[in-house]
Amino acid sequence: MNRYIKLGIFSSIIFSNMFTLLNAQSNEPNIKSKERTSFQTSEPWKPLTDVRADIAIVYGTHQRGDMSFEQRLETWREKGYNTHFMTGIAWGEYQDYFTGKWDGKKHLDEGQVTMKGDTIWHGYMVPYIVPSLNFLSYMKENIIKRVIDAGIDAIYLEEPEFWARAGYSSSFKKEWKDYYGFDWRPQHESAENTYLSNKLKYHLYIRALEECFSYAKEYGKSKGMNVRCYVPTHSLVNYSQWQIVSPEASLASLDCVDGYIAQVWTGTSREPNFYNGVRMERVFENAFLEYGCMESMTAPTKRKVFFLTDPIEDLPRDWEDYKKNYQATFTAKLMYPGNNNYEVMPWPDRIYEGLYRKSADSEEMARIPRFYSTQMQIMINTLNDVPLSENKVSGSSDISVLMANSMMFQRSPIPVSGYDDPQLSNFYGESLPLIKRGIPVNIMHLENTIYPDCWKNTKVLIMSYSNMKPLDEKFHKPIAEWVKKGGILIYASRDTDPFQNVLEWWNQKGNNFKRPSDHLFSLMGIKENPKDGEYKYGKGAVRVIREDPKEFILKENGDNSLLTALKKLYQTKNRKLIEKNNFTLTRGNYELIAVLDESVNHQDYEVKGCFVDLFNPDLPIVLEKHIAVGEQAYLYNLKDLKKENKPKFVAGACRIYDEKSTTNSYSFVAKSPKETTNVMRVYLPKEPKKIFVNDKDGNNLQNIVYEWNEQSKTEKIIFENDPEGISVTIEF
């Protein structure tokens, strides 16, 4: 039953004083004590975009209207935010460098250039950069020093990106000669030139980040500060798909790199791929692999990673499309229970104030609908609460797929003679057949195999050198030792692609291997170029499949050889390969469910209990939930609250502060952006007698909707949000 609160003048005076007292003891500093959630913005604080994460990452040092960087920064600090800084390392508002204002010389020739002689632009007078040492001096002196002087102790240099189609500028040719010791070679002329060109692009951005971050840490020390340095970056999966080269996993081994932001969102995850011969979008599955890729980069080296999702995306679509795919990527990121650091959104200004299509069949544009802003805020505020967990995603575990940075080196916008890998199918051929059968495959980075923690959750490793090559022979020794101790290696490759013959360590300096896999096999006593079959080494086994992984997915039921080998080698007396059409995970009170299409069956998933549906902006109580094929669910399980029988804020489109409980009352202050609607659920030992809802001045809010649910013992309260705070006091 819905009821409306009408408060008298006396209660207004009481709660005005109470609100003043609460603000005097402000819980705002509690934001600063945490660094779990963040967002990035180039704008100053506004009531419409006061997201209430722990960190406001202020973007760019450029003037914004009549406000300097330092002034923008201060607007967020005044609201209690911990402030960090972000800017691009491959592009940015660095016109003073390119036009010669900084050092008296023009540097537009340092842009990334295609074979046709065209500069690749990110915006007006903003080229993608070949990061010369001179440009890095500009970054250090003009950007990094300034932000540290402003008191910033966390710097994010985002998207170190070099396009595969670039590599034809005079500045790149100079870097080539310096790095390789011989004259530049056009990358489009051969597989080897493609590989060498992309390897140099990779090196240039490792150098760029190491130079800038080392400077930041040293300069910070000189001012008594511990400056932390992060790299916001797309996943290796996405960069390889989009034909971009970036340092990726190698950065996690640098002392000057403290971690990453995993830039995964609808725009990256909806990139189509092949499975069973069909090319289409597979957003949840792709996001699951992207986040897994980012986690495996950081976990063995103990680096921090913030998982990002975006409630919209770069390309204009309609609000329902955004909502559907946001739920898919959001579920995927929470399927990694060993991480609880999140960038809750980028660019809140475009999310809350941007205009997008109202529906797929309409050209009418509108700001974010109230139902979606409410749901989004419910979701992002759970990220402040969702716990780490030792639970695992349901299904047969301890199966990993190997990937390496060199996946990017074999990508070319111009077809390489003798090589074809449509939509990165050699990677997806190793992973999608498992994902689609409900097997939560892990990702392992070849560059991290030297770290013992890399092997913690792997009993079976699937690998191929069809689409990548090892950059150092040292990565092979830990693989061989792992097999010797009982590991199972499935190696799937024809080993006939032209990149097998590039100028690299396996055919230089005393090594005479025709293929890099021959070096790995030699460490396990297996002769070179072994035939299709099974080989023993120590307590373990190696299964060689003489097919390229792309063959598993480019035709219907092409994955039989992979699945047959996996079942035979994985299954023991106490372990079976379980095939199903879903993933589930419990993290504290939070239940995550994803039901897969194109799977072993087309059955909906059913869960029973007493839950709050967190993907529904009305926050309904559900006793039985059916999740359809191709959909996801995010539920709050109330069973533990009933056992404890204490008041608790369960969920809502706000962040709460100043919680106080007594034997017969519960109070807090709710904050969230202006022009959004707050729907919340609060668990209570018994039905409330009175509820008081006031603004910061103690005025009664009008048209407050509240509803008691006896079965769940929760009160639903609905009112309009205010970033200055709404005080709620419940007596029971």
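Bear in mind the structure is a predicted one, so any value in this text is a computation, not a measurement. Computation of the quantities below employed the complete heavy-atom set of this structure, encompassing side-chain atoms and omitting hydrogens, waters and symmetry-equivalent molecules.
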Modelled atom types, side-chain donor and acceptor of Asn198 and Arg411, under 3.5 Å | no

Thr331: side chain to side chain donor-acceptor pair (under 3.5 Å) partners, not counting sequence neighbours = none

May I ask you to decide whether Arg546 forms a salt bridge with Asp532, counting only side-chain N to carboxylate O separations under 4.0 Å?
-> no

Nearest heavy-atom contact between Ser235 and Met294 is CA-SD, 3.6 Å

Using a strict 4.0 Å threshold on nitrogen-to-oxygen distance, state whether Arg185 and Glu189 make a salt bridge.
-> no

Going by an N to O cut-off under 4.0 Å, is there a salt bridge joining Asp559 and Lys436?
-> no

Look at atom CG of Asp255 and say whether more than 12 heavy atoms of other residues, nucleotides or ligands are closer to it than 6.0 Å.
-> no

Heavy-atom neighbours of Lys304 NZ exceed 12 at 6.0 Å = yes

In a check of ring pair (Phe, Tyr, Trp, His ring centres under 6.0 Å) between His234 and each of Tyr260, Tyr291, Trp242, which one passes?
-> Trp242

For this output row, return yes or no: ring centroids of Phe521 and Tyr491 closer than 6.0 angstrom.
-> yes

Any side-chain donor-acceptor pair under 3.5 Å between Ser250 and Asn405?
-> yes

Measure across Cys293 and His445 and return the closest heavy-atom pair with its distance rounded to 0.1 Å.
-> O-NE2, 2.9 Å

Any side-chain donor-acceptor pair under 3.5 Å between Glu313 and Thr266?
-> no

In sequence, state the C-alpha distance, the side-chain angles, and the governing distance for Arg207 and Glu210, and then conclude on side chain to side chain contact (heavy atoms under 4.5 Å, CB included).
-> CA-CA 5 Å; Arg207 182 184 73 178; Glu210 189 166 21; 5.9 Å; no

Cationic N near anionic O, under 4.0 Å, Asp497 to Lys469 = yes

Does one side chain, of Tyr202 or Ser406, offer a donor that lies under 3.5 Å from an acceptor on the other?
-> no

Glu290 and Ser269 side chains, donor-acceptor separation under 3.5 Å | yes

Lys568 side, atom NZ; Ile490 side, atom CD1 - distance, nearest 0.5 Å | 10.5 Å

Flag, side chain of Gln187 to backbone of Ala164, donor-acceptor distance under 3.5 Å | yes

Ion pair check, Asp495 and Lys514, cut-off under 4.0 Å | no

Which residues pass the side chain to side chain contact (heavy atoms under 4.5 Å, CB included) test with Glu551, sequence neighbours left out?
-> Arg494, Glu547, Asp548

Would you tell me whether Glu285 and Tyr275 have side-chain atoms, one donor and one acceptor, within less than 3.5 Å of each other?
-> no

Are Glu579 and Lys567 close enough for a salt bridge, meaning some N to O gap below 4.0 Å?
-> yes

Exercise: do Thr233 and Glu248 side chains pair donor with acceptor under 3.5 Å = yes

Heavy atoms only: give me the nearest Gly111-Val130 pair and the separation to one decimal.
-> O-CG2, 3.8 Å

Identify the two heavy atoms, one from Ile450 and one from Glu447, that lie closest to each other, and give their separation to 0.1 Å.
-> CG1-O, 3.9 Å

Distance from Phe583 atom CZ to Ile439 atom CD1, nearest 0.5 Å?
-> 8.0 Å

Using a distance-only test with no angle check, is there a side-chain donor-acceptor pair under 3.5 angstrom linking Tyr428 and Gln241?
-> yes

Check against side chain to side chain contact (heavy atoms under 4.5 Å, CB included), Val245 and Tyr205 | CA-CA 9 Å; Val245 180; Tyr205 273 108; over 6 Å; no

Could you give the side-chain donor-acceptor pairs of residues 472-480 under 3.5 Å, partners two or more places apart or in another chain?
unit_1	atom_1	unit_2	atom_2	d
Asp472	OD1	Lys474	N	2.9
Glu473	OE2	Asn511	ND2	3.4
His476	ND1	His519	ND1	2.8
His476	NE2	Tyr465	OH	2.7

Answer yes or no on whether Arg317 is positioned over the face of Tyr322, meaning its NZ or CZ is under 6.0 Å from the six-membered ring centre and within 45° of the axis.
-> no

To the nearest 0.5 Å, what is the distance between CG (Asn276) and CG (Leu554)?
-> 11.0 Å

Correct closest heavy-atom pair for Thr301 and Ala252 would be OG1-CB, 3.4 Å

Using a cut-off of 6.0 Å, state whether more than 12 heavy atoms not belonging to Lys484 lie near its atom NZ.
-> no

Considering all heavy atoms of both residues, which atom of Ala541 and which atom of Glu534 are nearest to each other, and what is their separation?
-> CB-OE2, 4.3 Å

Residues Met524, Leu489; criterion side chain to side chain contact (heavy atoms under 4.5 Å, CB included); working and verdict = CA-CA 11 Å; Met524 297 183 287; Leu489 177 66; 4.1 Å; yes

Is the distance between the ring centroids of Phe409 and Phe499 under 6.0 Å?
-> no

